[in-house]
Visitor: 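Have a look at this one before I ask anything.
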Amino acid sequence: MIPDSVLATPILGALLGDTIGSVHEWAKTKSTDFALWSPKSRPTDDSVLTCATAEALLAGVAYDKAYRDWARRYPNAGYGGAFRRWFASDDAGPYGSWGNGSAMRASPIGVAMTTVDDVLAEAERSAIVTHDHAEGIKGAQAAALAVFLARTRVPKEDIRREIAARFGYDMVRTLDEIRPGYAFDVSCQGSVPEALLAFLESNSTEQAIRLAISLGGDADTQACIAGAAAAAWEGGVPDPLARELWRRLPDDMRDVVEAFAERYPVQG
């Protein structure tokens with residue numbers, strides 16, 4: 001049985017989006033009408049590094065150490081080439097990335113922090129160990145802030161305005177307008193706003209994930225970001241989805257999610 005605290009934590013929504021999106025990453029899916037689960041659905045690098053962020057917050061471990069430790073534990077989870085070179089080295093520094101890897105791993109920060117300023121500062125700390133480009137930092141901050149604002153029940157239209165004002169993202173578009181011409185994009189500036197729009201247009205965690213995947217882009221990462229924000233808004237992940245996800249997670253991921261949910265409880 002999955003504890004209620006785990007069902008309520010937004011990071012379970014992040015892992016859910018990643019796992020469901022894993023089989024769509026290169027599929028150019030342009031519809032919300034698809035089978036939710038496949039025998040090949042599995043957690044990828046998004047889940048690995050989300051768990052690493054959670055562990056860093058839990059244990060007071062430096063982000064670079066947590067990211068290296070978890071990536072080396074799961075070296076074939078689907079990382080980009082620059083990050084692979086980074087975690088293979090013990091002393092590599094940040095490499096100026098604006099990629100969405102900084103955003104996909106940031107959701108635990110939106111759960112653990114208690115003020116907007118703390119969210120923004122901690123998200124920057126999590127990003128700059130690898131993604132020290134301004135856009136990489138903004139992407140992490142936007143993803144974490146969306147989770148924080150959603151779980152603190154800020155109205156969705158206010159979240160939309162806040163994200164647009166702080167980060168300069170175009171948040172007035174609709175997914176129906178974006179979808180036809182949208183292509184695979186790993187940049188924060190070209191994928192994080194769209195993922196957050198999927199959350200804002202949704203009426204459930206599942207729908208947010210389906211909408212993010214339906215863009216036909218970096219499906220697992222965008223579904224990870226949208227799933228975390230939606231789970232924060234909806235008060236968690238429905239039990240049937242959580243049970244299917246839970247059986248696909250390795251023990252160490254389950255352990256850190258349980259520990260994080262207990263330390264940073266969210267009302268379901």
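All values below come from the heavy atoms of this structure, side chains included, with hydrogens, waters and symmetry mates left out.
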Visitor: Think Lys156 forms a cation-pi with Phe199, using NZ or CZ under 6.0 Å from the six-ring centre and within 45 degrees of its axis?
Guide: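 Output yes; distance and angle both within limits.
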Visitor: Taking the side chain as everything from C-beta on, heavy atoms only, tell me whether Phe167 gets closer than 4.5 Å to Gln189.
Guide: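 Of all side-chain heavy-atom pairs linking Gln189 with Phe167, none is under 4.5 Å.
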Visitor: Sequence neighbours excluded, which residues qualify as ring-ring contact (aromatic ring centres under 6.0 Å, His included) partners of Phe260?
Guide: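 Only Tyr264 meet the ring-ring contact (aromatic ring centres under 6.0 Å, His included) criterion with Phe260.
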Visitor: Are any non-hydrogen side-chain atoms of Lys40 and Ser22 less than 4.5 angstrom apart?
Guide: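 Answer no - side chains too far apart.
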Visitor: Look at the side-chain heavy atoms of Ile, Leu, Val, Met, Phe, Trp and Tyr, link any pair under 4.5 Å apart, and say whether Leu36 and Leu15 land in one connected group.
Guide: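 Per the 4.5 Å side-chain linkage, Leu36 and Leu15 are co-clustered.
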Visitor: Is the shortest side-chain heavy-atom distance between Thr130 and Ser97 below 4.5 Å?
Guide: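 No, their side chains stay 4.5 Å or more apart.
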Visitor: Find the distance between CH2 (Trp86) and CG (Asp64) and round it off to the nearest 0.5 Å.
Guide: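 CG of Asp64 is found 5.5 Å from CH2 of Trp86.
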Visitor: Do Leu57 and Met113 have side chains that get closer than 4.5 Å, going by heavy atoms?
Guide: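 Result yes, sub-4.5 Å side-chain heavy-atom pair found.
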Visitor: Is it true that the side chains of Trp70 and Glu55 contain a donor and an acceptor less than 3.5 Å apart?
Guide: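 There is such a pair (donor and acceptor under 3.5 Å, judged by atom type) between the side chains of Trp70 and Glu55.
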Visitor: Is Phe34 linked to Trp26 within one hydrophobic cluster, defined over Ile, Leu, Val, Met, Phe, Trp and Tyr using a side-chain heavy-atom separation of less than 4.5 Å?
Guide: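 Each belongs to a different hydrophobic cluster.
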Visitor: Could you pull out all residues at least two apart from Tyr63 that satisfy ring-ring contact (aromatic ring centres under 6.0 Å, His included)?
Guide: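 With sequence neighbours excluded, Tyr63 shows a ring-ring contact (aromatic ring centres under 6.0 Å, His included) to Tyr67, given in chain and number order.
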Visitor: Val116, Val192: one ILVMFWY side-chain cluster at the under-4.5 Å cut-off?
Guide: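 Yes, same cluster.
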Visitor: Would you check if Asp45 and Asp220 make a side-chain contact, meaning some heavy-atom pair closer than 4.5 Å?
Guide: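 Yes, close enough: below the 4.5 Å cut-off.
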Visitor: Quick one: pull up CG in Asp218 and CD1 in Ile213 and give me the separation to the nearest 0.5 Å.
Guide: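 If I round to the nearest 0.5 Å, the distance is 11.0 Å.
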Visitor: Can we say Arg72 and Asp90 salt-bridge, meaning some charged N sits less than 4.0 Å from an Asp/Glu carboxylate O?
Guide: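 Counted as a salt bridge, because a side-chain N and a carboxylate O are separated by less than 4.0 Å.
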Visitor: Residues in salt bridge (Lys or Arg N to Asp or Glu O under 4.0 Å) with Arg210, at least two apart?
Guide: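 Listed in chain order: Glu206.
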Visitor: In terms of heavy-atom contacts, does CG of Asp33 have more than 12 from other residues, nucleotides or ligands at under 6.0 Å?
Guide: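 For Asp33, atom CG is not crowded (no more than 12 foreign heavy atoms under 6.0 Å).
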Visitor: Would a hydrophobic clustering, with Ile, Leu, Val, Met, Phe, Trp and Tyr connected at side-chain separations under 4.5 Å, put Leu249 with Ile2?
Guide: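 Both belong to a single hydrophobic cluster.
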Visitor: Answer yes or no: does atom NZ of Lys28 have more than 12 heavy-atom neighbours from other residues, nucleotides or ligands under 6.0 Å?
Guide: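 Counting other residues, nucleotides and ligands, NZ of Lys28 stays at 12 neighbours or fewer.
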Visitor: When you compare the side chain of Leu197 with that of Arg160, does any pair of heavy atoms fall below 4.5 Å?
Guide: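 In short, these two side chains touch, coming nearer than 4.5 Å.
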Visitor: For Met104, is there any backbone N or O sitting under 3.5 Å from a side-chain donor or acceptor partner on Thr50?
Guide: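 Yes, because the side chain of Thr50 sits within donor-acceptor range (under 3.5 Å) of the backbone of Met104.
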Visitor: Determine whether Arg173 and Glu194 satisfy the following criterion, side chain to side chain contact (heavy atoms under 4.5 Å, CB included), listing intermediate values before the conclusion.
Guide: CA-CA 9 Å; Arg173 301 166 296 163; Glu194 291 78 7; 3.2 Å; yes
Visitor: Just wondering, more than 12 heavy atoms not from Glu177 lying within 6.0 Å of its CD?
Guide: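 Atom CD in Glu177 is packed in, count exceeds 12.
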Visitor: Run the salt-bridge test on Arg243 and Asp239 with the 4.0 Å N-O cut-off and return the result as yes or no.
Guide: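 Salt bridge: yes.
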Visitor: So, do Leu196 and Ile163 sit near enough that their side-chain heavy atoms are less than 4.5 Å apart?
Guide: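 Side-chain contact under 4.5 Å: yes.
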Visitor: Report yes if some heavy atom in the side chain of Pro250 is under 4.5 Å from a heavy atom in the side chain of Pro43; otherwise report no.
Guide: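 SC-SC contact between Pro250 and Pro43 confirmed.
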Visitor: So does Lys65 have more than 12 non-hydrogen atoms from other groups sitting under 6.0 Å from NZ?
Guide: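 Open.
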Visitor: CZ/Arg125 to CG/Leu120 distance, rounded to the nearest 0.5 angstrom?
Guide: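 Spacing of CZ (Arg125) from CG (Leu120) equals 10.5 Å.
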Visitor: Which value, rounded to the nearest 0.5 Å, describes the distance between Ile11 atom CD1 and Cys51 atom SG?
Guide: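 Spacing of CD1 (Ile11) from SG (Cys51) equals 6.0 Å.
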Visitor: Could you check whether the rings of Phe87 and Tyr79 sit parallel, tilted or perpendicular, using 30° and 60° as the cut-offs?
Guide: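 It falls in the perpendicular class, over 60°.
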Visitor: Pairing donors with acceptors under 3.5 angstrom, does anything connect the side chains of Arg179 and Ser214?
Guide: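 Yes - a donor-acceptor pair under 3.5 Å links their side chains.
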Visitor: When you compare the side chains of Asp185 and Ser187, does any donor N or O come within less than 3.5 Å of an acceptor on the partner?
Guide: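 Yes.
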Visitor: With a 3.5 Å cut-off and no angle check, do the side chains of Thr44 and Asp18 form a donor-acceptor pair?
Guide: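 On atom types as modelled, these side chains qualify, holding a pair under 3.5 Å.
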Visitor: Can Leu211 be reached from Val23 by stepping across I, L, V, M, F, W or Y side chains whose heavy atoms are under 4.5 Å apart?
Guide: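 The answer is no; the residues belong to distinct hydrophobic clusters.
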Visitor: Considering only NZ, NE, NH1 and NH2 on the basic side and carboxylate oxygens on the acidic side, decide whether Glu258 and Arg254 come within less than 4.0 Å.
Guide: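 Answer for the salt bridge query: no.
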Visitor: Short question: side chain of Thr9, backbone of Ser5 - any donor-acceptor pair under 3.5 Å?
Guide: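 Not a single qualifying donor-acceptor pair exists.
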